[in-house]
Novice: 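This is the structure, below, for whatever I ask next.
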Amino acid sequence: MKKLLVLMTMLLALTTTANAQKLNDDQRDHVIKNLIGRMQPYGNWYITTTPVTWYEYWAVTGVKKHTKNTSVSKAAIVLDGEQKKFCDVLNKEGGKTFFLLLSKSEAFEACNKGKLHDDVSNISFDHGFYVKMSKKNYQYLTGK
């Protein structure tokens, strides 16, 4: 009986911890609006001028990949497939392709023109990833 009580207590603790790590819909919506809001025009696109953060990655994908000692405001350093998943989740919810990954060459060019808050030497994508959307889609989502 005592073992059963301990097991039930452990399961409750695990469930509570897992639920505490999920963002509610309002928090998630706020994160996505902020992501869009910090995009700046660049050519025919709007781009994030700083890399996607761990907090944004977590809010969008629901996957908490950073450790407890990692600042959630730091750039999310994830594999290419996980970067694509970030955009895929957003696009699936929107019902069309709004978000795309900024390619390395696009990021390099944007950085050289002073559009990214990053140093050209850091554009290795070992320091995070950026997203973009067309001006038309940006206007559609923001009304601007």
Side-chain angles (χ1 to χ4, degrees), residues 4 6-144:
L4 183 59
V6 169
L7 179 61
M8 293 300 285
T9 305
M10 285 176 44
L11 286 174
L12 179 62
L14 287 172
T15 304
T16 304
T17 302
N19 287 335
Q21 292 181 351
K22 291 183 180 178
L23 300 175
N24 67 39
D25 289 341
D26 288 340
Q27 290 169 310
R28 189 175 184 278
D29 289 347
H30 183 72
V31 168
I32 294 169
K33 285 178 186 174
N34 280 341
L35 175 72
I36 295 168
R38 68 182 173 85
M39 293 179 123
Q40 296 294 315
Y42 179 68
N44 293 322
W45 301 95
Y46 272 74
I47 63 173
T48 54
T49 57
T50 56
V52 171
T53 67
W54 283 115
Y55 190 67
E56 291 165 337
Y57 183 85
W58 173 35
V60 168
T61 64
V63 178
K64 188 175 181 181
K65 295 196 61 91
H66 57 280
T67 65
K68 69 178 184 176
N69 296 327
T70 303
S71 170
V72 294
S73 63
K74 297 287 186 192
I77 302 167
V78 295
L79 300 172
D80 292 349
E82 294 165 323
Q83 294 171 8
K84 185 178 179 332
K85 178 184 176 183
F86 178 85
C87 290
D88 289 347
V89 170
L90 288 170
N91 293 333
K92 184 176 180 181
E93 290 176 12
K96 67 183 252 181
T97 303
F98 288 106
F99 293 87
L100 298 166
L101 292 171
L102 198 63
S103 71
K104 188 173 182 176
S105 62
E106 290 170 325
F108 229 7
E109 183 181 314
C111 193
N112 280 327
K113 293 187 177 180
K115 295 294 183 178
L116 298 184
H117 299 279
D118 210 341
D119 178 358
V120 176
S121 63
N122 282 340
I123 302 294
S124 64
F125 285 75
D126 294 335
H127 293 85
F129 66 101
Y130 302 82
V131 294
K132 66 181 180 178
M133 75 170 54
S134 70
K135 282 187 175 183
K136 180 181 172 184
N137 285 337
Y138 181 85
Q139 291 166 347
Y140 173 78
L141 290 175
T142 62
K144 296 178 186 178

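Atom set for the values below is all heavy atoms of this structure, side chains included, hydrogens, waters and symmetry mates excluded.
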Novice: Run the side chain to side chain donor-acceptor pair (under 3.5 Å) test against Asn34 and tell me which residues pass, sequence neighbours left out.
Specialist: His30

Novice: Over 60° means perpendicular and under 30° means parallel, so classify the ring planes of Phe129 and Phe86, tilted if in between.
Specialist: perpendicular

Novice: Output the distance between atom CD1 (Ile32) and atom CG (Leu90), rounded to the nearest 0.5 Å.
Specialist: 5.5 Å

Novice: For Tyr138, what residues pass the side chain to side chain donor-acceptor pair (under 3.5 Å) criterion, not counting sequence neighbours?
Specialist: none

Novice: Which residues pass the side chain to side chain donor-acceptor pair (under 3.5 Å) test with Glu106, not counting sequence neighbours?
Specialist: Ser103, Lys132

Novice: Closest heavy-atom contact between Phe98 and Leu141?
Specialist: CD2-CD1, 3.7 Å

Novice: What salt bridge (charged side-chain N to carboxylate O under 4.0 Å, His left out) pairs are there with at least one residue in residues 41-54, not counting sequence neighbours?
Specialist: none

Novice: Looking at Asn137 and Thr97, would you say the former's side chain and the latter's main chain have a donor-acceptor pair under 3.5 Å?
Specialist: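 Yes, because the side chain of Asn137 sits within donor-acceptor range (under 3.5 Å) of the backbone of Thr97.
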
Novice: May I have all residue pairs that pass salt bridge (charged side-chain N to carboxylate O under 4.0 Å, His left out) and include part of residues 87-99, sequence neighbours excluded?
Specialist: Arg28-Glu93, Lys84-Asp88

Novice: Enter the distance from Ile77:CD1 to Gln83:CD here, rounded to the nearest 0.5 Å.
Specialist: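 Spacing of CD1 (Ile77) from CD (Gln83) equals 10.0 Å.
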
Novice: Can you name the nearest heavy-atom pair linking Pro51 to Gly128, along with the distance?
Specialist: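 Nearest heavy atoms, Pro51 then Gly128: CB-CA, 4.1 Å.
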
Novice: My understanding is that only residues two or more places apart in sequence, or in another chain, count here; which of them pass side-chain contact (heavy atoms from CB on, under 4.5 Å) with Thr67?
Specialist: Asn69, Thr70

Novice: Set out, in order, the CA-CA distance, both residues' side-chain angles and the distance that settles side chain to side chain contact (heavy atoms under 4.5 Å, CB included) for Trp54 and Ser71, then state yes or no.
Specialist: CA-CA 8 Å; Trp54 283 115; Ser71 170; over 6 Å; no

Novice: For Ala110, give me all partners under side-chain contact (heavy atoms from CB on, under 4.5 Å), at least two apart in sequence or on another chain.
Specialist: Tyr42, Ile47, Lys115, Leu116

Novice: What residues form a salt bridge (charged side-chain N to carboxylate O under 4.0 Å, His left out) with Lys113, not counting sequence neighbours?
Specialist: Glu109

Novice: Taking all heavy atoms of Cys87 and all of Leu101, pick out the closest pair and write down the distance.
Specialist: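 In terms of heavy atoms, the two residues are closest at SG-CD2, 3.8 Å.
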
Novice: Is Lys64 close enough and on-axis enough to Trp58, meaning under 6.0 Å and within 45°, for cation-pi?
Specialist: yes

Novice: Where do Thr48 and Leu35 land on the side chain to side chain contact (heavy atoms under 4.5 Å, CB included) test, with the steps shown first?
Specialist: CA-CA 7 Å; Thr48 54; Leu35 175 72; 3.7 Å; yes

Novice: Would you say that more than 12 heavy atoms from the other residues, nucleotides or ligands in this model lie under 6.0 Å from the CG of Asn24, or not?
Specialist: yes

Novice: Sequence neighbours left out, what passes side chain to side chain donor-acceptor pair (under 3.5 Å) with Arg38? Give chain and number order.
Specialist: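 Here the qualifying residues are Thr50, Glu56.
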
Novice: As an exercise, state the distance from OH of Tyr46 to CE of Met133, rounded to the nearest 0.5 Å.
Specialist: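 If I round to the nearest 0.5 Å, the distance is 10.5 Å.
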
Novice: So, using ring-ring contact (aromatic ring centres under 6.0 Å, His included) as the criterion, who are the partners of Phe99 when residues are at least two apart?
Specialist: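 Result, ring-ring contact (aromatic ring centres under 6.0 Å, His included) vs Phe99: none returned.
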
Novice: Can you name the residues that form a salt bridge (charged side-chain N to carboxylate O under 4.0 Å, His left out) with Lys65, not counting sequence neighbours?
Specialist: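 If we apply the salt bridge (charged side-chain N to carboxylate O under 4.0 Å, His left out) test to Lys65, skipping adjacent residues, the hits are Glu82.
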
